[in-house]
Amino acid sequence: MSKTRSAAASAGPARRGGPKSDFLKVLHERGYVHQCTDEAGLDAAALKGPITAYIGFDCTAPSLHVGSLLAIMMLRKLQQTGHKPIVLMGGGTTRVGDPSGKDESRRLLSDEEIAANMAGIRTVFERFLTFGDGPTDAVMVDNADWLLDLRYIPFLRDVGRHFTVNRMLTFESVRLRLEREQPLSFLEFNYMILQAYDFVELWRRMGCVLQMGGSDQWGNIVSGIDLARRLEGAELYGLTTSLLTTASGAKMGKTAAGAVWLDPDMLSPWDYWQYWRNTEDADVGRFLRLFTELPLEEIARLEALEGAELNEAKKVLATEATAMAHGREAAEKAAETARRTFEQGAAGEGLPTVELPRAELEKGFGLLTAFVAAGLAKSNGEARRHIKGGGARVNDAPVRDERAVLTPEDVTEAGVIKLSIGKKRHALIRPIG
């Protein structure tokens, strides 16, 4: 492991005068880099010609959420600066489960669930990367192609002997689980060996020389580099980004309402836009650099705004981030809906809409049920708390009676009933039939 060192400690041209390659220049300017095993060596390799790099994603859900966006953006920057990204899907490792950052074992998924999740995740990447057969086109690879055919005894003999349990116990993913006295299965304990082997296989098959990921993957990445050196004499590199949290310390990708999915079928472009619009003041400049492609000069201007003017920067962030994930048209529609809703008090045609048979309204549709059906509350109990707390409104008028019902008289001239929780969460009920 003597060849690995953090970016802060690495020597060479990349650290003395700044990186020479466009790839590392952009990553540093935008604030992506946390650690690098040999930045001078990686910088030199990137200068010589296209390098191939990968990030791995397990197939644990039918989409990725905002917590994975930093990794996706690093692959996008890699491709934009003339290099080849590999999206490694964990069709094999998903069957094991990455213990990093987890207090308990993941639920084991069926082959059918893994395949369906992989297909859903592919559609997310197609909006951020260009896939194809060209020298810098992205490719998606499944590690099940080599992991499922491994023979256990030969694998232990040829690969497992290069790993000591002593060192594996120092890995953050293992150490934290043990410190919290949470069980760590032998199945999960194998994960780091399989991830290291992935790097070796991608070098063998595709000449991949760089693995990127979050800082919690540092130990796994370094293990892959060391394994490739021992097995093949290969010189590989690792680069990590910090695990992203908001200024207040909250993890990215989760809200009180649930995960911030990148799939529009799981979270509407409107809700996605709202997520970024609600960014904390202290995070605006950082998020503009990481999650948009605005020029740095424009970002500097926007983050210098103060007071109410900073809200304009948040709207720009929301629109640019949404345009990248869902397209410019959806982003502009969400921004216009927000303007009409908040600045003009209109119903806002782009708001999430739930259709309701008119017969249900004529009988009287319970207000608690309506807030749950509209996705503004997870349960009648949560809706009741919002009403009692004064945060619930119907057609912009506060409601206090949890036993109230919606009727046809509540339908506005626009043909909808507008429900709101707080100042920023809205949905429409549209009668049909």
Side-chain angles (χ1 to χ4, degrees), residues 37 50-60 64 68 71 75 78 83-100 106 108-122 125 129 131-133 135 137-163 168 171 173 185-214 217-239:
T37 55
I51 62 171
T52 300
Y54 88 97
I55 300 178
F57 301 85
D58 280 341
C59 315
T60 54
L64 299 176
S68 297
L75 289 174
L78 177 85
H83 305 285
K84 187 178 186 69
I86 297 175
V87 179
L88 179 66
M89 300 308 301
T93 44
T94 301
R95 290 164 167 82
V96 175
D98 183 1
S100 301
R106 284 189 173 127
L108 295 180
L109 303 180
S110 68
D111 292 354
E112 292 75 20
E113 288 175 309
I114 291 172
N117 289 346
M118 194 181 304
I121 291 172
R122 167 90 188 206
F125 278 101
L129 301 173
F131 287 84
D133 299 323
D137 285 341
V139 293
M140 183 170 280
V141 180
D142 182 1
N143 64 12
D145 291 346
W146 55 84
L147 293 182
L148 297 190
D149 292 332
L150 287 175
R151 296 168 60 204
Y152 189 59
I153 297 301
F155 183 72
L156 288 180
R157 182 194 64 209
D158 297 336
V159 175
R161 65 190 178 91
H162 296 295
F163 292 79
M168 292 168 75
F171 282 24
S173 58
S185 71
F186 180 71
L187 182 67
E188 293 173 288
F189 197 57
N190 280 269
Y191 188 93
M192 61 193 75
I193 301 179
L194 297 177
Q195 182 172 330
Y197 186 70
D198 281 344
F199 202 175
V200 175
E201 278 294 324
L202 288 174
W203 181 83
R204 288 170 174 167
R205 293 168 181 244
M206 308 183 70
C208 181
V209 298
L210 171 63
Q211 180 182 176
M212 299 186 291
Q217 297 297 319
W218 177 255
N220 293 332
I221 292 173
V222 169
S223 291
I225 292 171
D226 186 62
L227 183 63
R229 178 174 58 82
R230 292 172 182 271
L231 294 179
E232 303 287 351
E235 183 70 25
L236 306 183
Y237 306 95
L239 187 150

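- Heavy atoms only, all atoms of each residue included: M212 and I55 are closest at O-CG1, 3.4 Å.
- Of all heavy-atom pairs spanning K84 and L78, the tightest one is O-CD2, 3.5 Å.
- Using modelled atom types, one side-chain atom of T94 and one backbone atom of C59 make a donor-acceptor pair closer than 3.5 Å.
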Item to check | Derivation and outcome, side chain to side chain contact (heavy atoms under 4.5 Å, CB included), residues W146 and L202 | outcome: CA-CA 10 Å; W146 55 84; L202 288 174; 3.7 Å; yes
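- Between the side chain of H83 and the main chain of I51, a donor-acceptor pair closer than 3.5 Å is present.
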Item to check | side chain to side chain donor-acceptor pair (under 3.5 Å) between Q217 and Q211, worked out | outcome: CA-CA 10 Å; Q217 297 297 319; Q211 180 182 176; over 6 Å; no
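- Looking at heavy atoms from C-beta onward, I193 lies out of side-chain contact with H162 at the 4.5 angstrom threshold.
- G238 and W218 make their closest contact through O-CZ3, 4.4 Å (heavy atoms, listed as atom of the first residue, atom of the second, distance).
- Not a single donor-acceptor pair under 3.5 Å links the side chain of D58 to the backbone N or O of T60.
- Under the side chain to side chain contact (heavy atoms under 4.5 Å, CB included) criterion, R204 pairs with Y197, V200, E201, L231, E232, sequence neighbours left out.
- Nearest heavy atom pair, residue C208 against residue L210, reads SG-O, 3.5 Å.
- Here the side chains of L227 and F199 are not in contact, with every heavy-atom distance at 4.5 Å or above.
- Looking at T37 and V222, their side chains come closer than 4.5 Å, going by heavy atoms from C-beta outward.
- In this structure, D133 and D137 approach most closely via the heavy-atom pair N-OD2, 3.3 Å.
- Put simply, the side chain of V141 does not reach to within 4.5 Å of the side chain of Y54, judged on heavy atoms.
- Residue pairs that meet the salt bridge (Lys or Arg N to Asp or Glu O under 4.0 Å) test with at least one member in residues 190-199, sequence neighbours left out, do not exist here.
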